[in-house]
2 protein chains.
Amino acid sequence: MYTIGQVSRLFGVPISTLRYYDKEGLFPGLERSSGIRRFGEQELEALRVIECLKRSGMEIKDIKQFMLWCSLGRETYGQRLELFRRQKAAVEAELKKLERTLDMLRFKCWYYEQALAQGGEEGLKALLPDALPEEIQGAYDRAHAGL
Amino acid sequence: MYTIGQVSRLFGVPISTLRYYDKEGLFPGLERSSGIRRFGEQELEALRVIECLKRSGMEIKDIKQFMLWCSLGRETYGQRLELFRRQKAAVEAELKKLERTLDMLRFKCWYYEQALAQGGEEGLKALLPDALPEEIQGAYDRAHAGL
DNA sequence: TCTTGACCTAAAGTCAGCTTTAGGTGTTAC
DNA sequence: GTAACACCTAAAGCTGACTTTAGGTCAAGA
């Protein structure tokens, strides 16, 4: 069993945030002894899931719904599975968008390296949109696809 | 040249957002004819870069700084390159975190598929933390690494 | 002429997710 | 016995990124 301060250090999450999560109902079965919160293995796994679902773009109130399902037992396995499948698809989509973002950043890095080396952008602008060197044309194309 | 409404439809960005960006100084050289904004190729590329930098986690005020550098000419190539390199590193780090998030989601999907199939979690909990089937143990380990 | 639609401004409002503040309890260390 | 910690609560405050509101201009079509 851990105190709020120990969990805070363990996960690198501020104490105020843990109290906020608790107030929002994210630790439905959290025990207390004489007013003090006692975090067990269940709450640690809940916190891992909270961080995961937050990173996947889910809002606190929807995470609360999930935690509620968890405390309702086997009746809710179906809903929980559906939720994780939805978030999995969301993260896969986000990964694709981030890959295109990275393509743009790769292109811009290359562009300013060239601009610095050549002392200007003129020669570079003449290569747009489709006479770029092979190694960077792909990144440019993917970053500019559809607009 | 495009009006604000055309750009809005083209990029799928609300008109109010485009005006907000303009007010925040994200289109430093934006022209107007009798009060009406005229978006040219430069502003379209600026908007692509805005979406890219936003997705990479940058704040509006820092994007404004970048746009300012762009309007200052070749003196600022170095700063611009540095900025893109920094954001590239940030996105690469974010991609790694998202991969771990995805590992957690993969594990949870598998877990609830099993729970549904078996009618309960008991048999499953006995496999934690290191007796899981090969195909899912890796995802579990990566998702739970370091806590 | 009048009304519809696309544009404009300044200022106030909204929302999520915390964080801070102000005040209080209970236990250990000197 | 008093000071330093680690915990507690309720409520107010903050931040960033928009969005909405309220009111106005201008041009084209019926």
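Everything quoted here is computed from the prediction, not taken from an experiment. Chain letters run A, B, ... following the sequence lines, proteins first, then strands; residues in each count from 1.
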(Q) For a quick check of understanding: with a heavy-atom distance under 4.0 Å over all strands, which category does Ser34(B) fall into, base, sugar-phosphate or nothing? (A) nothing
Q: From the options dC8(D), dG17(C), dC7(C), select the nucleotide whose nearest atom is closest to the side chain of Ile60(A).
A: dG17(C)
Q) Under 4.0 Å between a side-chain N or O of Lys61(A) and OP1 or OP2 of dC15(C)? A) no
Q) Quick one: Tyr20(B) OH to dT15(D) P, roughly how many Å, whole number? A) 14 Å
Q. Do Trp110(A) and Arg106(A) have side-chain heavy atoms sitting under 4.5 Å apart?
A. no
Q: Would you kindly give the CZ-to-C1' distance between Arg32(B) and dA6(C), to the nearest whole Å?
A: 14 Å
Q: Give a yes/no on whether any side-chain N or O of Thr17(B) is located under 4.0 angstrom from OP1 or OP2 of dT19(D).
A: yes
Q) Any side-chain heavy atom of Gln42(B) within less than 4.5 Å of one from Leu30(B)? A) no
Q.
What is the separation between atom CD1 on Ile15(B) and atom P on dT20(D), rounded to the nearest whole Å?
A. 12 Å
Q) Which sits closer to the 5' end of DNA chain C, Lys23(B) or Ile4(B), going by the nucleotide each is nearest to? A) Ile4(B)
Q. Could you give the CZ-to-C1' distance, from Arg37(A) to dA6(D), as a whole number of Å?
A. 13 Å
Q: Name the residue closer to the 5' end of DNA chain D, choosing between Gly5(A) and Lys54(B) according to the nucleotide with the nearest heavy atom.
A: Gly5(A)
**Q.** Euclidean distance, atom CZ of residue Arg19(B) to atom P of dA11(C) [Å, nearest integer]
**A.** 16 Å
Q) Quick one: Asp22(A) CG to dT9(D) P, roughly how many Å, whole number? A) 8 Å
**Q.** Interatomic distance where NZ belongs to Lys64(A) and P belongs to dA16(C) [whole Å]
**A.** 13 Å
Q) Salt bridge check: are Lys96(A) and Glu99(A) linked by an N-O gap of less than 4.0 Å? A) no
Q) So what does Arg38(B) hit on the nucleic acid, given a heavy-atom distance under 4.0 Å: a base, only sugar-phosphate, or nothing? A) nothing
(Q) Within this structure, what is the CE-CG distance for the pair Met58(A) and Asp62(A), rounded to the nearest 0.5 Å? (A) 5.5 Å
Q: Indicate yes or no: does Arg86(A) engage Glu92(A) in a salt bridge with an N to O separation below 4.0 Å.
A: no
Q. Can you tell me how far P of dA16(C) sits from OH of Tyr21(A), to the nearest Å?
A. 15 Å
Q. How would you label the contact of Glu24(A) with the nucleic acid (heavy atoms, under 4.0 Å): base, sugar-phosphate, or nothing?
A. nothing
